[in-house]
Structure formats: structure tokens, C-alpha cells
Amino acid sequence: MGTAIFLASRLDLAPNEGTATLVLEENVGPVPVEVRFEGGAPVFARFTTAVLPEHHPLAFTCGELASMVNLGEGDVCGDLQPEVVSCGLPYSIIPVRTVEALRRAVLDMAAWNRMLADTADPHVYLVCPADDDEAIDVRVRMFAPGSGVPEDPATGSAAAALGGYLAKADGRSEGVLSWVVEQGVEVGRPSTLYVEAERSGGETSAVRVGGSAVFVSEGSMTVPG
């Protein structure tokens, strides 16, 4: 989303109002991103995943996963269960029962190294119903130390996995589901992501993630002669 908004701000793509679609070639395939313009500026972008959600079990108990994020076993699981979900990039999703517990979570690096560091799904994604804010449906946190990211303030690919995870848990055969997702509060960079999943024939048939972006830095590169 941020890449599309940046490119849209530099390219002549649309009139003052309306939308334009960019297609980003990524490792998982072409990813279409619809960008909305207001006053000639890109203000919102929404991508559709190139890969439908893939689900795999997480090979650890709720107690082991709770310990890895310094929580008690009673702080995790409940109605939702841990699972690995990927829309191109896999995430180890751990459901947390309360926002208070979500705030307390701290990744135990020794446990993470022992449990997930050398697996195909090392990114840890904590998911919790947002019981303290009527405008938000889900609060999340994402830890990716294996990629040099202690905690990410906004993760579009994880939000896509979340759409697949929640759509499967919902279980309805047909319809469009949507969630407002908040991330980054604990690192002082709150973000809001808008997740949508379509269900058809009892399966998730499409996942879309949208959001805005803020320019935080700018630079230039000089290439020698």
C-alpha cells in the first residue's frame, strides 16, 4: 500500500478525483492495488492478494506459545486457535483473549529461537478482539526479529493472512466479511488497516487490504559517472 501511494504521488495516473490501479510484480505474482485520489493526491490504497489463504497447523501448544510471548496460558486461545496462515508470506497467528494481555506481550527471544527461528513461518502475529474501542474490530501486534523487525507498526501481508484466518473461523459459506484492524499502538506508531474477505462455496475466494500512508522521510542517491 505504501509503495503504491508513493508511486501514485510521482506518476500522472488520475485526475484530481477518482481511482487508478497499479499492478506490482512481487514474488507471489502480480498484485493489483487500487489507489484513491482526492484533490489530485493519493490518499488510500487497497490491494487484492495474488494468493488465496493457505492454512497450516502450528506445532506448539497454547501454553508453549503463550510462554514465548511472556503471557500465561489463560491469556491465549479460547474461541480461536493458533494457526499458520499465508497469502504469500506465512505468519504464526496466536490469538490473545484481551487487549490488556496483548499490551503486556513481550517476545522471548530465547523461546522464539528455539521454537520458530528456523522454521518456514518465523513471524509472530498476535490477534485480539478490540474490546476497548467500538471503532476497531481487531487489535494486532507483529514481531519479525528474523527479518530485523523487532515489532512492525503496520503489516499489510499479515493483515491479509488475518483476513483468511478470521474468514475461516467465521465459517459462513457465502458473503463478504470486513474488519477494521489496529496495529502499532505499543510502538507509538498507531495504524489502521481495513481487511475484507469474500466467501464463496464455503471457501475464501478473495482477500483485500487497504489503508493510508504517511511520508516520513525523503532522500536522494548519487550514482558515480
Side-chain angles (χ1 to χ4, degrees), residues 1-53 86-89 91 123 125 127 130 133-142 144 147-149 151-164 166-167 175-200 204-225:
M1 292 174 289
T3 299
I5 288 175
F6 170 76
L7 291 174
S9 72
R10 296 297 193 266
L11 302 173
D12 184 17
L13 294 175
N16 279 354
E17 310 295 330
T19 63
T21 299
L22 290 78
V23 178
L24 306 181
E25 179 65 39
E26 302 187 13
N27 287 340
V28 293
V31 177
V33 189
E34 183 182 77
V35 181
R36 187 173 77 236
F37 289 78
E38 293 180 4
V43 296
F44 188 87
R46 186 176 73 163
F47 70 84
T48 300
T49 65
V51 177
L52 293 178
S86 173
C87 286
L89 186 63
Y91 289 89
H123 298 343
Y125 196 45
V127 173
D133 191 334
E134 293 182 358
I136 303 296
D137 298 306
V138 187
R139 280 278 304 274
V140 300
R141 298 179 68 182
M142 201 286 284
S147 296
V149 181
E151 182 169 354
D152 195 23
T155 318
S157 56
L162 176 67
L166 294 177
V176 178
L177 306 169
S178 62
W179 304 270
V180 180
V181 180
E182 187 174 54
Q183 184 178 345
V185 174
E186 288 73 21
V187 292
R189 290 177 59 188
S191 65
T192 304
L193 297 166
Y194 301 87
V195 180
E196 188 175 274
E198 290 186 20
R199 296 282 289 178
S200 178
T204 302
S205 55
V207 176
R208 292 177 283 272
V209 178
S212 300
V214 177
F215 286 89
V216 295
S217 64
E218 188 172 357
S220 61
M221 180 182 296
T222 301
V223 180

Please name all residues satisfying ring-ring contact (aromatic ring centres under 6.0 Å, His included) with Tyr91, sequence neighbours left out, ordered by chain then number.
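Listed in chain order: His123, Tyr125.
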Give a yes or no on whether the backbone of [Y] and the side-chain of [X] come within a donor-acceptor separation of less than 3.5 Å.
X     : Y     : value
Thr49 : Val51 : yes
Ser86 : Gly88 : yes
Ser9  : Phe6  : yes
Thr19 : Glu34 : no

Step by step, would you call Tyr194 with Phe44 a side-chain contact (heavy atoms from CB on, under 4.5 Å)?
CA-CA 11 Å; Tyr194 301 87; Phe44 188 87; 3.8 Å; yes
Give the minimum heavy-atom separation between [X] and [Y], together with the two atoms involved.
X      : Y      : value
Ala45  : Ala4   : CB-CB, 4.5 Å
Ala130 : Val138 : CB-N, 3.9 Å
Phe37  : Ala8   : CZ-CB, 3.8 Å
Glu17  : Gly39  : OE2-N, 2.9 Å
Gly164 : Val207 : N-CG2, 4.3 Å
Pro30  : Pro32  : O-CD, 3.6 Å

Any side-chain heavy-atom pair of [X] and [Y] under 4.5 Å:
X      : Y      : answer
Leu22  : Val31  : no
Leu166 : Leu177 : no
Met142 : Gln183 : yes
Val33  : Thr21  : no
Pro190 : Thr192 : no
Arg139 : Val185 : yes
Asp137 : Val181 : no
Met1   : Arg46  : no

When you look at Val176 and Ser178, which way does the side-chain contact (heavy atoms from CB on, under 4.5 Å) test go after all the steps?
CA-CA 7 Å; Val176 178; Ser178 62; 5.6 Å; no
The test is side-chain contact (heavy atoms from CB on, under 4.5 Å); show your working for Leu7 and Leu24 and say whether it passes.
CA-CA 10 Å; Leu7 291 174; Leu24 306 181; 4.1 Å; yes
Can you tell me how far apart CG (Leu193) and CG (Leu162) are? Round to the nearest 0.5 Å.
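So the CG of Leu193 and the CG of Leu162 are separated by 9.5 Å.
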For residues 208-225, tabulate all N or O donor-acceptor pairs below 3.5 Å that involve a side-chain atom, not counting sequence neighbours.
| unit_1 | atom_1 | unit_2 | atom_2 | d |
| --- | --- | --- | --- | --- |
| Arg208 | NE | Glu196 | OE2 | 2.8 |
| Arg208 | NH1 | Glu198 | OE2 | 3.1 |
| Arg208 | NH2 | Glu196 | OE2 | 2.6 |
| Arg208 | NH2 | Glu198 | OE2 | 2.6 |
| Ser212 | OG | Val43 | O | 2.8 |

